[in-house]
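Chain naming here is simple, since letters A, B, ... match the order of the sequence lines and numbering starts at 1 in each.
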There are 2 protein chains.
Amino acid sequence: MSALKPLRSLKPRANYHHGNLEKALIDAATEMIRESGVEHISLRAVAAYVGVSPSAAYHYFPDKDALISGVGQSLFDKLADRQEAAMAAYPGESREAALARFRALGRAYFDWGNTETNLFRLMFGVFCSLDQKDALAARDESRAWILLQRSLDDLADRGAINPALRPYGEILAWSAVHGATSLIVEGHLPKDVFESILDAIEISLGVVK
Amino acid sequence: MSALKPLRSLKPRANYHHGNLEKALIDAATEMIRESGVEHISLRAVAAYVGVSPSAAYHYFPDKDALISGVGQSLFDKLADRQEAAMAAYPGESREAALARFRALGRAYFDWGNTETNLFRLMFGVFCSLDQKDALAARDESRAWILLQRSLDDLADRGAINPALRPYGEILAWSAVHGATSLIVEGHLPKDVFESILDAIEISLGVVK
DNA sequence: TCCTAATCTGAACGATGTACAGATTATTGT
DNA sequence: ACAATAATCTGTACATCGTTCAGATTAGGA
């Protein structure tokens with residue numbers, strides 16, 4: 001656990017007009033949640049970390065929950081970054097490469113949950129739960145969702161999965177990977193079962209190797 | 001949203017020596033979390049609801065988190081009750097009955113998440129996350145886990161699933177059902193995909209109908 | 001019936017989320 | 001260049017929270 005001391009106290013600049021306070025608050029909150037968990041951060045501490053008074057935050061967020069929710073939204077993009085990087089390790093047009101990328105996609109999700117547990121909990125917790133409409137719209141635009149769609153299209157194009165089962169690909173893969181990751185992260189299942197989950201997903205989708 | 005007013009103010013009994021304060025606090029906290037979500041309850045409100053001073057709780061729980069965690073532990077049993085009731089609707093020794101019970105098990109989990117969302121979030125949130133050892137030990141003794149094991153044994157005994165895949169039954173079924181329930185409850189997936197998840201689980205386990 | 005242990009109260013402390021009035025700075029129009 | 005206006009941030013204040021602790025109340029055994 002590092003110190004998390006105020007930053008701006010070093011800078012000679014006055015406190016008024018920070019520059020980009022909204023982003024600074026989100027970044028600070030992200031880092032603090034990452035280290036301590038969403039249940040242990042306070043608006044005041046985030047403001048102090050940025051070097052600003054607590055009230056300043058209320059010009060950008062209606063309340064603390066909105067700030068936290070802002071952090072959550074931004075995390076889906078960071079997860080997609082990790083997934084993209086993981087998939088890049090398996091280039092190529094072959095069926096084997098496409099399958100390897102598909103597994104890398106799931107494994108990156110799992111790794112994210114294990115290495116960034118506090119952020120993972122935030123993303124799928126109360127603060128990021130939206131109404132059906134908004135959430136589905138947000139999901140359709142999220143890069144992580146699009147990566148999953150494309151990965152399944154890749155498999156289908158190469159005849160690596162049963163075409164009749166293709167429509168269920170996204171929901172099945174996401175459900176199984178997310179469920180396993182959640183249960184493992186919270187300690188309900190041991191870590192070593194995850195690869196079996198990936199195997200099971202492939203079987204469900206009728207993978208032919 | 002109902003009122004949640006203090007109860008004991010009506011009773012003529014004095015405040016000292018409540019009787020079974022520990023259980024009363026857990027019950028009250030359960031009901032209040034059920035209605036408002038774990039992020040919106042205070043130790044003081046729970047104590048007031050029971051008709052007791054805030055400090056009284058500290059004779060039974062070291063802190064607020066311990067009370068909440070106590071609530072969470074007790075919920076796994078209530079989930080098992082629902083699952084048992086749901087399975088009882090499909091009696092019989094036939095393969096079809098065993099399959100129907102297996103699906104009822106998953107559907108009851110899903111229904112629990114949808115009707116008792118606040119409690120569901122608590123069960124699998126930070127407050128109920130244990131170290132690997134404790135959690136796995138607790139799980140092995142939980143009735144919900146045992147129900148799942150028996151249901152899979154039933155399927156295997158009747159030759160309804162691929163014997164080679166039997167060992168993966170628990171982790172796969174729980175992961176997929178939990179993942180789908182979580183994602184649907186938080187709005188990331190639409191409700192109507194759940195039955196497809198049950199189909200996919202059966203395919204993964206090599207169900208022969 | 002008195003003594004002791006168990007149980008609960010009441011007051012207090014520091015920290016929190018939030019509201020609001022006013023101070024400070026940036027920007028725009030002339 | 002300069003004043004007027006808008007945007008941004010501070011400081012203070014308040015109710016509420018979790019938690020501590022000294023002491024009041026009660027139960028139950030000697």
Side-chain angles (χ1 to χ4, degrees), chain A residues 3-29 32-33 35-72 122 126-127, chain B residues 3-29 32-33 35-72 122 126-127:
Chain A
L4 291 183
K5 286 289 172 183
L7 288 178
R8 296 210 4 114
S9 51
L10 300 176
K11 290 196 183 182
R13 301 253 299 96
N15 281 332
Y16 282 82
H17 289 87
H18 174 278
N20 194 348
L21 186 52
E22 178 168 2
K23 177 168 163 29
L25 286 171
I26 292 226
D27 288 349
M32 297 175 81
I33 291 172
E35 293 214 351
S36 321
V38 70
E39 70 280 10
H40 290 128
I41 64 148
S42 67
L43 216 215
R44 298 177 99 106
V46 173
Y49 183 86
V50 174
V52 119
S53 85
S55 333
Y58 287 85
H59 277 263
Y60 301 96
F61 306 97
D63 53 21
K64 182 193 176 187
D65 288 2
L67 168 59
I68 291 180
S69 162
V71 172
L122 170 57
V126 218
F127 295 108
Chain B
L4 289 183
K5 287 286 173 185
L7 289 178
R8 297 216 357 119
S9 52
L10 302 175
K11 289 196 183 183
R13 303 254 299 95
N15 281 332
Y16 283 81
H17 290 90
H18 174 278
N20 194 347
L21 186 52
E22 178 169 3
K23 175 167 165 27
L25 286 171
I26 291 224
D27 289 348
M32 296 175 80
I33 292 173
E35 293 214 350
S36 320
V38 70
E39 70 279 10
H40 289 128
I41 64 150
S42 68
L43 216 215
R44 298 177 99 108
V46 174
Y49 184 87
V50 174
V52 120
S53 85
S55 334
Y58 287 84
H59 277 262
Y60 300 96
F61 306 96
D63 53 21
K64 183 193 175 187
D65 288 2
L67 168 59
I68 291 180
S69 161
V71 172
L122 170 59
V126 219
F127 295 108

Discussion item. Can you tell me how far apart CD1 (I26(B)) and OH (Y60(B)) are? Round to the nearest 0.5 Å.
Written reply: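 Rounded to the nearest 0.5 Å, the CD1-OH separation comes to 12.0 Å.
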Atom pair distance, as rounded to whole Å: [atom1] in [X] and [atom2] in [N]:
X: L43(B); N: dG18(D); atom1: CG; atom2: P; result: 5 Å
X: E39(B); N: dT16(D); atom1: CD; atom2: C1'; result: 17 Å
X: H40(B); N: dC17(D); atom1: NE2; atom2: P; result: 12 Å
X: I41(A); N: dT16(C); atom1: CD1; atom2: C1'; result: 12 Å
X: L67(A); N: dT16(C); atom1: CG; atom2: P; result: 15 Å
X: L21(A); N: dT25(C); atom1: CG; atom2: P; result: 16 Å

Residues that [X] engages under side-chain contact (heavy atoms from CB on, under 4.5 Å), provided they are two or more places apart:
X: F127(A); result: V38(A), D65(A), I68(A), L122(A)
X: E39(A); result: V126(B)
X: A28(A); result: V46(A), Y49(A), V50(A)
X: S55(B); result: S53(B)

Item to complete: For S53(B), report the nucleic acid contact type (base, sugar-phosphate, nothing); a contact means any heavy atom under 4.0 Å.
Response: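 Result for S53(B) = base.
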Discussion item. Using heavy-atom distances to pick each residue's nearest nucleotide on DNA chain D, tell me which of P54(A) and R44(A) is more 5'.
Written reply: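 That would be P54(A).
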Fill in: Near-strand residues of residues 55-64 of chain B, defined as heavy-atom separation under 4.0 angstrom from DNA chain C
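Contacting residues: S55(B), A56(B), H59(B), Y60(B).
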Item to complete: Name all pairs fulfilling the side chain to side chain donor-acceptor pair (under 3.5 Å) condition that reach into residues 19-29 of chain A, sequence neighbours left out, sorted by first residue then second.
Response: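 Pairs touching residues 19-29 of chain A that pass the test: K23(A)-D27(A).
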